[in-house]
Amino acid sequence: MNILTLLIFTPLLFGLIIILMPSDWRFSFKYITLLATLIQLGLSIVLYLQFKSGPEHAGINAEDTFQFVQKSHWISLNLGSLGKMQIDYFVGIDGISVAMVVMSSVVMVIAALASWEIQSNLKGFFSLFLLLNTAVIGVFCALDFFLFYIFYELMLLPLYFLIGMWGGARREYAAIKFFLYTLFGSVFMLLVMIGLYLSVKDPATGDHTFNIIQMMNPANYDSNSIFSTLAHKTLLGMPARAVGFVVLFIAFAIKVPVVPLHTWLPDAHVEAPTPVSIILAGILLKVGGYGIIRICLGIFPEIAVSGAYWLGLIGVISILYGALNALAQRDLKRLIAYSSVSHMGFVLLGIASLTPEGISGAVMQMVSHGFLSTMLFFLVGVVYNRVHDRDIYHFRGLGSLMPRYTTFVMIAFFASLGLPGFSAFVGEAFSLIGAFKSPSVNGALPYWMAVCGSVGILLGAAYFLWTLQRMFFGSLTLKGGEIWKNALTDLNSREIFSLFPLAILALVLGVMPSLVFDKVNDSVLALVHFIGFK
Amino acid sequence: MENFLQAIDTLTIRFALAAVLLPLLAFVVNVCLPGKSNKAAGWISTLAILVSAVLSIFVFSKVWNQHQVHQQQLWFTIGETKLYAGVLLNNLSVLMLLLVSLIALPVHVYSTAYMGKDENSKRYFAYLSFFCFSMLALVVIDSLVLFYIFWELVGFSSYLLIGFWYTRSKAVLANKKAFIMNRIGDIGLLAAIAILFTVYHTFDIDQLFGANALVRTTAFELPGGWQYVAFGGIALAVAAKSAQFPLHTWLPDAMEGPTSVSALIHAATMVAAGVFLLGRVYPVFTESELTILAIIGAFTAFMAATIALTQNDLKRILAYSTISQLGFMVMAMGIGAYSSSLFHLATHAFFKCLLFLVAGIVIHEMQHVKDEYKLDIDPQNVLYMGGLAKKMPLTFISALIGGIALIGLPLTSGYLSKDGILIQAFEWSEGKSVLFRLIPFGAMLTSWLTAFYVTRLIVKVFFGEFKLSQINPGIKLHVSDGGWQYKLPMVFLSVCCLFPAFSLNPVLYEHAWLLNGFPRITGLDRVNIYHTIVPAGLNILSLFVIYWAYAVYVMDKALPFPEGGWIFRLSYHEWYIDKIYSKIIVAPVLTLGKLARWFDINIIDGFIHLLERIGIAFSKVADWTDRNIIDGFLHLVASIVLGIGNFARSFQGGRVQYYLFSMLAIILAIFLFKILI
Amino acid sequence: MNDLLPFLPGLLKQVFDGIPLFMPEIYLCALFVVLLVTDLIFGKNSAWICKIIACGVLIVIALKDVEQLKLLLAGPQLFFSNMLLLHEKTVSFKLMIDVLSAVLLLYFDWDDQLASHKKGLTDLYSIVIAAVFGMHLMVMATNLLSIYLSVEMVSIASYLMVAYRAENGISSEAGLKYVLFGGASSAIMLYGISLLYGFGGSLNLFGGNLLPGLMQVNPLGVALALLLFLVGIGFKLSFVPVHFWVPDIYQGAPAPVSAFLSTVTKVAAFGLLINFLTPFIFFTGFSKVFDFGLFLSVVGITTMIAGNFAATLQNNLKRMLAYSSIGHTGFALMALVNFNTDKQGITAITFYLFAYSLANIGAWMLASYFSNTANAENMDDFKGLGFKYPLASVAFVIILISLTGIPVTAGFYGKFLVFSSVYTVYQASHNVWFLLLMITGAITTVVSLFYYIKIPLNLFLRKTERTTGFASTSNYLLISIAIISLLVVCLGLFPDFLVR
Amino acid sequence: MIGLSDFLIVSAGLFCVGLYVILTKRNAIQVLIGIEMMLNAAILNLVAFGKYDRFNNGGQMFALFAIVLAAATTAVALAIILNVYKKYKTIDPNEIHELKD
């Protein structure tokens, strides 16, 4: 059995078990879920250890350099003169995906731990949770566009219900907003996917194919197909390949999210229950970044090169705009949600630089943000669960009341604002270094973007420190008075058990970024090479 | 032989690493210790820094004026760039290593008494050790990325320590301000590092700025003048970390932290990191860039000194004096007095640390008085002090030594370093236009101002009568020098402030051993005359100033109660000078000081606050945009959808004949359309 | 009369030759008679016997349909004086009609409203069989006469079905509207047919000289005739502008009947439309006279928009499903636009219709289910029911997801195949209308989510204080809903299972 | 001589009158009559055109079928109208609009 397949479908299996179990056993569900995620984590660690690095295992556009590949026929439809529509179950990973898969597995364990707070309708929650888990891992492993799309869409529904059923006051609005936004992106992605499918032919069989890797090879395109690299077809008067790129980019950009496609995020995050916020911020945002790297850059490299300026611009705008918005929030969770926008802007900036440093930095930033946003949302959840309030101005001087909590908050805040020694620093610094390098190496970005991006670091410090000052320092005053004071107990051992590994991971990755870079590096180099800076 | 040498080098590296890592170990151990306050914590940290200091001495002895030792190891690979982590030991780094550990040691000892009773002392020592680790690491590492990392970590530990009493809102505001201002500098540094990397494809300090400096051998030019951004970035970083105009305002505020912290971090070591950075990347600067640095430094020095004149908060006076002295160092770098700048860095570290420790003791005792009589006073206000010299003689003597060193009178280390800078400043301005002359003369003026405010400080604190007793006779002053943990560090530092620590010749700065460790400036001609005139003029006038200040601050009050004959003898004379100068000089100078203070509060801080407000205003705008424009667009889309839906629905009135009519009408429309086209 | 005698043997032979090709329909006739007789013999208790017989025989007929494939090895067969045509695609349409009708027949008496009708359901079963017979003819018809006959047959049966619950006012009102609207449109269609006949001089679509004749007449006249003719087909398909009746009738009619009208009838009507369009599209140069591609594109786009956008504002479940079925018609028309290229379009539309019908029957069953158990008709009534009826609610979600076209459901593949087939045509022709069709399709998919999601929203996301008024209902309904939703998911995972 | 065009004109007129009737009359029976008129217009057309289709006689044949189907439709319609009348005590189609948006 292929380890990736196991990794993808283990949660589903456990989810089915939960569905089939009687509801009277509902208190065992959380343990079952935890078990599932732990098994998954174990598998992913095995995966990580067995993952071979080196240029011969770089992945990206060479199918035989992917690892843990499984490819079997799944759907084959006979469509007359168009030949057979062959859809494969094709999974495999390269350096970029392995980072995402391992990160996701870790985050899933923490999310499972965080979901112990869920009280109502446990069966539904945990089965949806595990379904979502399957979909997420599937997205990172799929190498067949169709399969990718299936997993991509499969994430929507569980999330809708997870936000909508277990969320906060405005959960309906948030859930539907999230769903509509994402579906909007993905429906058009479907159109482009079909266009690509009909443009690309598998050289071995002569049939059209959904194979992402073959979509990367310009030679596989039919000479007069829409997305042919040579034919220069137009769609509604615009170059077809550019349109395709933009559509795919928008679909992923909604996920990332970039300004101005981001407004679903604060709502969704604020309303979602803690474990779902964790998954949303920790993993789902990365699906966007991953998609941009794997699909937008992979399939439309020449558009990515010519459009890098705009990508970078959007990235910079996201960094600054997200940070400014975070500065203006008084809901702690909203603040963190906007900080995600800002942090993911670095990912986009790094990718747009099209330099190995920038893209590696972007991947690192995604991994790091995975851990740190998990931590941040978990921490918000802690205080929210105790007093059901998150307004920054309703708290003051928590530092003396909850010292352990404050310690973790400080670790998470400082790690997030890019304090050296933590992973976010490496990610942000190298995204920026990539952006600084870009003008002289490939001219993709101008210098001022890098400079503006750096200002984001400053703003990041501003909103995090301001929050620390307002909420945690100073003398203790709480809006809820004595009741709150009693309710606000310090972290319990489960919470520490969840947070500690994340803090350690963020620290370890900050000190030894090679844990990520060694796996990622060959793939990034291959990607940069492939994009055309040969 | 070769092997032997290498073995020695390896040992040196190991010792240096151990010296760096021991405080880290102490930090980890302290974090893991149970309880909030733990006696052991202080001693663990002190022990660690003691061993570090010993190891540093060894490392210093192996490296100073010998070959440089550089070892590195692959850290990680990103793209095709390999990042190395390593230790680079040359004269600069071992000097700093030694300096930092030697200063940190007495501060630690002092802290065991000063902070030992605080309920969070464990946390304090953990932070302190963490700072030592970051600072020691900052001076020895060899890669710009690592440099940036520790650069920011020292800022971070300073943040932690400033806000150590996190329940005080002033402290929390101060540490936020400190961190964010430092962040501004960090961005500059990061940008500079990135630009350097872009051009030279390496982060290695030795390769970039070492013996065969890449920055010298390869053209450092980028289109659009972006290499100036690199310079600007470094200048910004220096300004932020070393509290130079216009990013200096965080430092006075940072005095909200414990005084021991101010002594170590905000006087001696961390703030000097900016000067150290200049020393590290020195080859990258061009002539004009250096001149800009000199101007910044000179201006800062002058401005801070004028502000210090009128301050009443003991620590703030010292803080402004630190800014002023840092200005001297930056100016020295700017005029090319590389070695003198570092020399001044070293001497300043000792005497300023000493002064802060003294201040700490004084404040500590004042706090006692305040607590004992439940007074509503600021224990740091010099106006409430006075006459402490008799009660705490050792403290007084230490303060005196420190003060004299700060003024730069002969026989002290300060004389050696500061006069060196001034002399070289004159030499530098030789042959340049008159405007450049402003710098040495400004520096000279600053020196005299220094003399004035130092005298004022010492006089206010130690001479005369205890002011509180004058106000309220019930208050009895029973203060003392404190335990050995106070005395020992003071004695040690006092000794280090005297000339023998640096040069056997008390008069000629050029004989200082420290200066020989660094490259001499070749560009400046030695103008002998300055070597006599400048020190002489400077010191003589300084003495006058001191006396004058003494007269102003002591005799004003002392005249009705004549005590010492020599004061009384000169009283008439003094009165005359006072009468004239108070009109001509004192008033304008004080006004200038007030003006500068006002400028500082309203313009510079005002500007910062303005920026803050603009930032927040922008954030409000962004928030509004998000809620109204972007989401508004969404709502517009939604209402379009609903509008179309409503239009489609409007036919569905439930009347079947109307349905038929609509149907036929549409078909007719289609048909007409068909006819028309 | 004597003139005809020489031809009689030949004609009779033609008739007899056609009989093997007509076997399923003969079975249907027999079934119809058997049902009537059963009703007579067993009286009021005959309902369940009729139901079993009808379903059983329909399955047999479905098998017969499959058997017919053997007859088609030599290619498509015209029979009964070119009145009817048997083709692979007609077989698959017939199969679809039979299978779906069998499912619907099972469903009829599970609807409490319909089951409570005091005259019993036996008559309804025979009417349905008659309608199915008509639909068989519809998908095979290739002659204007047979087209008209079959359409009218289905129409009359449908009128009766809609108005079956005579004691119910709403149902009667729906029946009245339906019959008036239907009568008018069939009259218009007949007028169109008469014009076509006059212009072309023949009733035969295949082989005759209808089309060459039409080519020689004033294009405007032809366009008018075709437009009038399409009104009749449009009435069955409910595309814009002939869709106005749909919401009222679907809401007023019993749920199973609405299910029948919105699924099986539409399948048959699409079969008919394909038959009707084939000669026109393969006749070179006809597009200059009347551009069916353009016409269908415009109609498809407006239908998608009208149906889906109006559905967003509905509060009644049945009405919402009605509007959504309009939207789906528009989407299916998109597939029809390009079926000329080759098999892909037909495969796409077949799959799409099947996936749609399956899910839609499920949705109507759920409408019945919730109306039976919780008396839920409007959106507000569904609040919090998800926790009370978890299985049905989960099935509802799956079915709605399939209707929206999100993986992994059959509906997604339907959409996917339709999009790909349009894409293929677009790639070849670069006709901007096709692109607009696709974009509209994509946008309306998002819009459709907006209203479909309202049901899960109410089921799961909202709470209710209601504790009374819950009745128990037949479990068969729940089981078949579960089976349908499972089927929808299975087809979503392995769609090649269906497409032969 | 009455030619084809005369028939067509008459039938078109009939059709239009029928249309007018179904759109305007406030009585379901009258609407039904309108539908019948339209059907008859079509039938008239068919028969008229059938003259030129000697071999198949499609027109006449069609006309017969159409008449039968029209009768069937009318029967069903009348039954339904009767039902409606029982419930609503009116057969004005415009009065019966419980089903609407």
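So that the names make sense, note that chain A is the first sequence line, chain B the second, and so on, each numbered from 1.
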Which value, rounded to the nearest 0.5 Å, describes the distance between [X] atom [atom1] and [Y] atom [atom2]?
X: Asp186(B); Y: Ile457(A); atom1: CG; atom2: CD1; answer: 8.5 Å
X: Leu458(A); Y: Ile187(B); atom1: CG; atom2: CD1; answer: 4.5 Å
X: Lys437(A); Y: Thr81(B); atom1: NZ; atom2: OG1; answer: 4.5 Å
X: Tyr166(B); Y: Leu468(A); atom1: OH; atom2: CG; answer: 12.0 Å
X: Ile193(B); Y: Leu432(A); atom1: CD1; atom2: CG; answer: 11.5 Å

Heavy atoms of other groups near Tyr173(A) OH, more than 12 under 6.0 Å: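 It does: Tyr173(A) OH has more than 12 such atoms within range.
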Measure across [X] and [Y] and return the closest heavy-atom pair with its distance rounded to 0.1 Å.
X: Thr198(B); Y: Ser440(A); value: CG2-OG, 2.6 Å
X: Thr167(B); Y: Ser400(A); value: CG2-OG, 4.5 Å
X: Gly418(A); Y: Glu152(B); value: O-OE2, 3.9 Å

Only pairs of heavy atoms separated by less than 4.5 Å count here; which of [options] has the most with chain B?
options: Thr263(A), Val455(A), Ile433(A), Leu180(A); result: Thr263(A)
options: Ser360(A), Gly399(A), Gly474(A), Ser514(A); result: Gly474(A)
options: Ile359(A), Leu320(A), Leu515(A), Leu417(A); result: Leu417(A)

Under 4.5 Å heavy-atom distance to chain B, tell me which part of [X] shows up: side chain, backbone, both or neither.
X: Asp267(A); value: side chain
X: Met364(A); value: neither
X: Tyr181(A); value: side chain
X: Arg334(A); value: side chain
X: Leu476(A); value: neither
X: Val524(A); value: neither
X: Asn325(A); value: both
X: Phe425(A); value: side chain
X: Ala450(A); value: neither

Aromatic ring pairing Phe179(B)/Phe414(A), orientation class (parallel under 30°, perpendicular over 60°, tilted between):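 Correct class here is perpendicular.
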Mutual orientation of the aromatic rings belonging to Tyr159(B) and Phe473(A) [parallel < 30°, tilted 30-60°, perpendicular > 60°]: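 It falls in the tilted class, 30° to 60°.
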Candidate pair Trp466(A) and Lys176(B), rule side chain to side chain contact (heavy atoms under 4.5 Å, CB included), full reasoning: CA-CA 7 Å; Trp466(A) 199 25; Lys176(B) 186 184 75 175; 3.2 Å; yes
Check: Trp75(B) side chain, Val511(A) main-chain N or O, donor-acceptor pair, under 3.5 Å: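 Yes, Trp75(B) side chain to Val511(A) backbone: donor-acceptor pair under 3.5 Å.
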Top of Asn120(B), Leu153(B), Asn175(B), Val229(B) for chain A proximity - count of heavy-atom pairs under 4.5 angstrom: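 The answer is Leu153(B).
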Pick from Ala191(B), Ser169(B), Ala85(B), Gly188(B) with the largest number of heavy-atom pairs that fall under 4.5 Å of chain A: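 Greatest number of close heavy-atom pairs with chain A: Ala191(B).
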Steps toward side chain to side chain contact (heavy atoms under 4.5 Å, CB included) verdict (Val637(B), Phe184(A)): CA-CA 12 Å; Val637(B) 170; Phe184(A) 177 77; over 6 Å; no
Proximity breakdown for Leu83(B) and chain A, heavy-atom pairs closer than 4.5 Å: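 Looking at Leu83(B), just its side chain touches chain A.
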Contact origin within Leu146(B) toward chain A - heavy atom pairs under 4.5 Å: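 No part of it gets close to chain A.
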Residues Leu465(A), Arg183(B); criterion side chain to side chain contact (heavy atoms under 4.5 Å, CB included); working and verdict: CA-CA 12 Å; Leu465(A) 293 185; Arg183(B) 245 311 137 106; over 6 Å; no
Worked verdict on Phe430(A) versus Ile78(B) for side chain to side chain contact (heavy atoms under 4.5 Å, CB included): CA-CA 9 Å; Phe430(A) 281 97; Ile78(B) 183 164; 3.6 Å; yes
